[in-house]
Amino acid sequence: MEIWLVILLIAILTMVTALFWMRWRMRVSKGRFALTTVTTLSTILLAFLTTTSAGIPSKVLSQFFKLDLNDTTLTFITASLTVIVCFFIYRFAKTAVINWEAPQRVSEVKLAEEDSQNDIIRLAASQFKLLVQRQSDPIASEYAKSWDRRFSESPKSVETRLLLKDLFHACIRETNIPEEGWRDTGKFWVGEIYVGVGNKLEPLIVLIFEETPTLKNVSERIKQLFEKESHNSDIHLYGLYFSEEDKEEISGAHEIEGIKISFLSSREMIFNSLDLKNYARALLKTFRTTQAGGTEATLANSFVELNVHSKGENSVSKPLSEVLNTWIQESSRRHLAITGEYGQGKSTAMLQYCCDWAERFLQENRINERVPLLIELRGRNPSETDPLAFISTWCSRYALLPEQVLNLIKTGDAIVIFEGFDELKNSGRAFERHQHFNALWRLAYPKTKLIFTGRPNFFLDDQEANRTLRTSGLKGAAGEAFTEIWNLEKLNIDQIEMACRSFENRVRIGIVDSIKCHPEFMEIISRPSMLPVVATIWDEIEGFRESGSELTGALLIERYLQAIYTRKEAELERDRVQYGAPSGARYLVLPKPVRELMTICVAWRMSGLQGQNTIARVEISNMVRDIYDDLFAIAKANKIAPVITDGLMEFERRHADETLADKIEIITSEICSAGLLVPDPAGGNTNLRYPHKQFYEYLICKGFCIVRIARDNPAAKLILKSSDQKNPYERLINEVNSISYLAECIGSSISEIFYLPHKILLKIDSSIEILATLITRVIIRVLNRFRPNTVDVNEEGIANYLDRLEHTDEPRRLWYAVIFSSFVPVILLLILVLFTIDFLEFLKPGRVAEVTEESFIFATAAFSILVFTSMFAGTLTLRLGSFAFIEVYYRFLIVHWRKANQRPQSKWSYFFLSTRTLTEGRVRFPDGHREDHSKIDNFLGPAQDFGDIRK
């Protein structure tokens with residue numbers, strides 16, 4: 001045993017020495033340093049277990065210091081010293097990794113793409129994997145490791161002669177101008193043109209003008225041209241130039257110096273070759289006919305001007321139209337980003353801006369200004385295609401020629417609006433987001449204007465937002481393309497009253513009066529998307545208010561969706577009566593509870609596919625196929641509502657002679673047409689989506705409630721089977737606003753969604769965080785005693801900490817918590833076992849009042865190693881496997897604190913409240929308890945129709 005301990009101590013000393021040597025020399029990779037750190041920590045803990053079981057501390061103290069302590073006291077002292085040593089080593093290693101100066105390795109570049117390049121555990125794991133696979137970890141090239149600083153260059157201006165030639169050929173297809181047809185001396189192209197019925201070829205000369213031509217300089221060009229070229233009456237002569245603002249243009253055919261010449265401007269050529277009327281009419285139709293929720297009001301007669309403010313200390317509030325009009329007149333390379341939370345009207349504001357252009361364009365029947373191109377990014381993956389292929393899908397919706405649209409962008413006569421960058425496909429990692437925006441910036445031609453719209457919490461932090469959107473003012477000072485961010489403001493009372501102008505008079509008056517009497521109601525309807533929801537179910541809302549019930553966004557959306565389901569069924573049934581169908585016939589093949597459940601299943605499938613509120617119709621068919629047998633099997637089960645049983649049995653009888661594929665298609669068609677889904681041409685020709693993303697986020701929350709609270713209900717099992725991704729907590733992490741709805745649905749009771757195993761692990765997690773915070777504070781205060789003000793006690797402000805935790809879409813991989821949550825519980829549990837065994841030994845009859853030197857169970861180091869390894873593996877597996885629910889729990893607390901306008905003042909308070917919440921089963925607030933009016937049963941439909949929702 002002594003030889004084994006000596007070897008162990010030598011190993012610890014060697015590894016600690018190696019750590020300091022690596023930090024001093026910095027010649028090895030981060031991965032090797034991290035692996036050595038983890039190995040050192042593991043060895044120290046192993047040494048603690050071995051020495052404790054062998055009674056070594058007692059022998060050392062009694063021999064060298066003449067101290068005679070019992071094993072229990074020695075175990076406590078040794079454990080405390082071990083934790084302190086491990087903590088210091090970890091903090092030293094963490095600081096060293098952050099400040100590492102050695103050449104970057106390939107494995108580090110891969111981790112950097114996930115913002116984990118300074119994560120000790122992941123660095124160690126990647127290095128260990130390389131060692132097991134016997135692979136090298138070469139030094140990364142400068143090109144590979146600079147991905148986050150490598151921006152796609154904004155395209156330069158296309159040569160005037162080439163771009164005008166392309167526009168001319170697209171405008172007059174009968175022309176043939178070879179590449180070698182350019183004459184640099186006279187600045188003109190020479191080619192041929194097909195004329196007449198017989199397609200006779202005649203000579204063609206195209207003059208290129210750098211500026212808008214005048215009759216005088218045209219006359220001079222013609223004289224110079226025909227001094228060198230022989231005059232031929234069959235020659236077709238054209239003059240091409242770029243359109244310029246506020247300059248009088250020459251157009252049409254003119255006779256100058258006895259020679260006929262036809263003039264074409266860039267905008268005139270685009271107008272003749274690109275039929276924008278279909279696009280303009282589609283914009284106006286969408287704006288004028290799309291109803292606002294379940295009301296009779298449309299987007300056009302409920303739209304209200306929105307205000308925005310810029311970021312920074314000197315921010316002022318301005319109307320969005322004023323900002324856009326000022327910006328459009330500039331000749332700089334400044335672009336705009338319009339950001340706002342869900343439902344604040346980003347999409348509608350951009351649609352209205354495009355419709356203003358569409359009206360002017362259709363009235364004047366010519367292009368007099370830049371053309372706004374409203375390109376939705378929902379479900380798109382721009383980094384995988386070139387610019388032409390990227391815009392081709394969008395062009396196909398309006399029968400536009402992609403090449404000509406790209407020419408429109410190249411000439412600077414376009415405003416490209418990238419709508420909804422937070423709904424890009426495959427944007428979970430920082431590297432992917434960076435690549436997406438690099439692809440979008442390839443359309444930033446010198447005179448082209450770009451607008452980005454999306455939610456601000458799409459980015460991990462301000463640094464990433466600056467990197468992807470290029471918000472640095474230094475770029476603008478250097479003449480490069482950059483972005484200025486403007487944030488949308490919520491509606492004020494006057495704007496709300498204006499937006500309600502097309503609602504029923506009693507509804508409009510009621511909404512305005514409710515705002516004045518109940519300020520909390522303002523928070524709900526200050527988002528434009530909530531106004532039609534409120535108007536649709538206003539009678540129910542008045543009933544809620546009179547009963548004293550609390551109104552929440554989740555409750556309003558739930559009642560609104562129920563009204564839509566009921567209205568849809570009534571409309572279709574009315575159509576059946578009008579068309580004179582037989583009395584036994586039914587237009588809808590599925591009962592309402594089944595349609596509602598299927599709609600939730602679609603959202604669940606969409607979330608599993610990372611669809612961001614878009615899904616292909618074929619995926620809905622696949623989902624129906626996956627759950628078809630289970631759905632019809634439970635229809636005859638006990639406790640199923642008669643309306644479901646009768647409806648599904650009637651469906652089987654009616655379609656008994658049809659194939660399974662036909663039945664699936666019938667059900668799919670009803671889900672797509674008689675539910676909440678609407679066509680989504682932006683996502684694909686057959687794609688569908690929910691009318692607003694907040695409906696999608698709420699349905700994710702509702703599916704989660706059914707799966708966790710009514711987990712034994714058949715509806716919960718059908719929802720889980722509708723997608724391959726089984727962890728429900730992962731879905732809430734991916735859709736942050738779903739956690740806000742969850743807080744409104746279940747209130748402050750955590751017992752509804754977190755069970756006993758969850759609470760145990762969460763208590764361990766919070767306790768460890770409290771311990772780490774206390775140790776950090778003590779160490780920092782001690783250091784400040786010797787070197788005042790060298791270390792800030794508040795290393796990271798609690799406000800910044802909570803903001804980062806709340807607004808990060810990408811799941812945080814706090815791998816350092818794995819060390820604490822895996823090692824510390826093992827140590828504490830083993831100490832508890834030692835205490836218990838020693839105490840039992842002490843209570844044995846005839847024993848003296850001191851314990852044996854070593855407990856019989858821990859007599860051998862081999863058994864200690866076995867216990868340590870098994871318990872470490874178990875806690876590590878639990879910690880990693882349950883990371884998602886820990887993330888959801890902390891965000892759930894933050895949402896409740898924010899809604900109550902309360903905030904912990906320190907990390908200590910933060911984790912203390914977290915622990916108290918777990919103990920009491922309800923959310924603890926910094927200023928005490930709050931009354932909770934939420935009733936989860938209101939949000940578990942249609943599970944009630946499929947059986948008991950609780951055990």
So, for Pro382 and Leu424, which heavy atoms are closest and what is the spacing to 0.1 Å?
CD-CD2, 3.5 Å
Check: Lys693/Gln612 side-chain N/O donor and acceptor closer than 3.5 Å:
yes
Any donor-acceptor pair under 3.5 Å from Arg508 side chain to Ala535 backbone:
no
Give a yes-or-no answer on whether the side chains of Glu249 and Ser243 include a donor-acceptor pair shorter than 3.5 Å.
yes
Give, for atom CD of Glu305 and atom CG of Asp494, the distance between the pair rounded to the nearest 0.5 Å.
14.0 Å
Has Lys318 got a side-chain atom pairing as donor or acceptor with Val323's backbone, closer than 3.5 angstrom?
no
What distance separates Ser347 OG from Arg378 CZ, expressed to the nearest 0.5 Å?
7.5 Å
Arg221 charged N/C atom sitting above Phe188 aromatic ring, 6.0 Å / 45°:
no
Give a yes or no on whether a salt bridge exists between Arg366 and Glu364, defined as a side-chain N under 4.0 angstrom from a carboxylate O.
no
Atom CD of Glu296: over 12 foreign heavy atoms under 6.0 Å:
no
Would you kindly say whether Glu489 and Ser317 are connected by a side-chain donor-acceptor distance under 3.5 Å?
yes
Is any side-chain N of the basic residue among Glu376 and Arg689 closer than 4.0 Å to the acidic one's carboxylate O?
no
State, with a plain yes or no, whether a side-chain heavy atom of Cys672 is found less than 4.5 Å away from one of Ile620.
yes
As a quick check of understanding, evaluate ring-ring contact (aromatic ring centres under 6.0 Å, His included) for His254 and Phe263, giving each step before the final call.
CA-CA 8 Å; His254 292 261; Phe263 293 97; 5.6 Å; yes
Looking at Ala414, is its backbone amide N or carbonyl O close enough to the side chain of Lys447 to form a donor-acceptor pair, meaning the two atoms are under 3.5 Å apart?
no
Rounded to the nearest 0.5 Å, what separates atom CD in Glu268 from atom CD1 in Ile270?
11.0 Å
Given the rule in the side-chain contact (heavy atoms from CB on, under 4.5 Å) test, do Leu351 and Phe303 qualify, once you have shown the distances and angles that lead to the verdict?
CA-CA 10 Å; Leu351 177 60; Phe303 176 79; over 6 Å; no
Give me the atom names and distance for the closest heavy-atom approach of Leu362 to Arg281.
CD1-CG, 4.1 Å
Can you tell if the side chain of Trp189 reaches within under 4.5 Å of the side chain of Leu162, non-hydrogen atoms only?
yes
Would you indicate whether the side-chain heavy atoms of Phe271 and Phe361 approach each other to under 4.5 Å?
yes
The reported gap from NZ in Lys346 to CD1 in Ile451 (rounded to nearest 0.5 angstrom) is 14.0 Å
Exam field: side chain Ser310 to backbone Trp486, donor-acceptor pair closer than 3.5 Å:
no
Under a 3.5 Å distance rule, please check whether Trp357 uses its side chain to pair with a backbone N or O of Ala280 as donor and acceptor.
no
Taking the side chain as C-beta and beyond, is there a heavy-atom pair between Leu306 and Leu491 under 4.5 Å?
yes
Would Leu440 and His436 satisfy side-chain contact (heavy atoms from CB on, under 4.5 Å), going step by step from the backbone distance to the final call?
CA-CA 6 Å; Leu440 297 178; His436 284 327; 5.6 Å; no
To the nearest 0.5 Å, atom CG of Leu408 lies from atom CG of Leu401 at 12.0 Å
Closest non-hydrogen contact found for Gln694 with Ser529 is OE1-OG, 2.5 Å
For Trp441 and Phe452, I'd like to know if the aromatic rings sit close, meaning centre-to-centre distance below 6.0 Å.
yes
Is there a donor-acceptor contact under 3.5 Å from the side chain of Asp356 to the main chain of Tyr353?
no
Write down the atom of Pro372, the atom of Ile417, and the distance for their closest heavy-atom approach.
CB-CD1, 4.2 Å
Does a side-chain heavy-atom distance below 4.5 Å link Leu207 with Ile261?
yes
Main chain of Thr212, side chain of Glu244: is a donor-acceptor contact present, judged purely on distance under 3.5 Å?
yes
Counting only heavy atoms from other residues, nucleotides and ligands, does the tally under 6.0 Å from CZ of Arg501 exceed 12?
yes
A quick test of your reading: do over 12 heavy atoms of other residues, nucleotides or ligands sit less than 6.0 Å from CD of Glu322?
yes
Are Lys410 and Asp166 side-chain neighbours, meaning at least one heavy-atom pair lies under 4.5 Å?
no
Exercise: identify the closest heavy-atom pair between Glu341 and Pro456:
OE2-CG, 3.5 Å
Salt bridge check, Glu179 against Lys165: does any charged N sit closer than 4.0 Å to a carboxylate O?
yes
Assess, by modelled atom type and distance only, whether the side chains of Gln404 and Asn407 contain a donor and an acceptor separated by less than 3.5 Å.
yes
Decide side-chain contact (heavy atoms from CB on, under 4.5 Å) for Leu336 and Leu324; before the verdict, give the C-alpha distance in whole Å, the side-chain angles of both, and the deciding distance to 0.1 Å.
CA-CA 9 Å; Leu336 298 183; Leu324 292 175; 3.7 Å; yes
Less than 4.5 Å apart, side chain to side chain, heavy atoms only: is that true for Thr160 and Glu210?
yes
For a quick test of reading the model, state the closest non-hydrogen atom pair linking Leu215 to Ile250 and the distance between them.
N-CD1, 4.0 Å
With a 4.5 Å limit on heavy-atom distance, are the side chains of Leu204 and Thr175 in contact?
yes
Roughly how far, to the nearest 0.5 Å, is the CH2 atom of Trp327 from the NE2 atom of His335?
7.5 Å
Let's go through Tyr398 and Trp394 carefully: what are the C-alpha distance in whole Å and the side-chain angles of both, what is the deciding distance for ring-ring contact (aromatic ring centres under 6.0 Å, His included) to 0.1 Å, and is it a yes or a no?
CA-CA 8 Å; Tyr398 307 105; Trp394 178 83; 5.3 Å; yes
Could you go through the side-chain contact (heavy atoms from CB on, under 4.5 Å) check for Leu388 and Val405 one step at a time?
CA-CA 9 Å; Leu388 182 61; Val405 172; over 6 Å; no
Give a yes or no answer on whether the side chain of Arg380 reaches the backbone of Phe390 with a donor-acceptor pair at less than 3.5 Å.
yes
Mark yes or no for whether Ser219, through its side chain, and Lys216, through its backbone, hold a donor-acceptor pair below 3.5 Å.
no
Between Thr483 (side chain) and Leu469 (backbone), is there a donor-acceptor pair under 3.5 Å?
yes
Can Arg288 and Glu359 be said to form a salt bridge (charged side-chain N to carboxylate O under 4.0 Å, His left out), step by step?
CA-CA 12 Å; Arg288 292 171 177 173; Glu359 287 183 340; 2.9 Å; yes
Report the relative orientation of the aromatic rings in Tyr696 and Tyr690; use parallel for angles under 30°, tilted for 30 to 60°, perpendicular for over 60°.
parallel
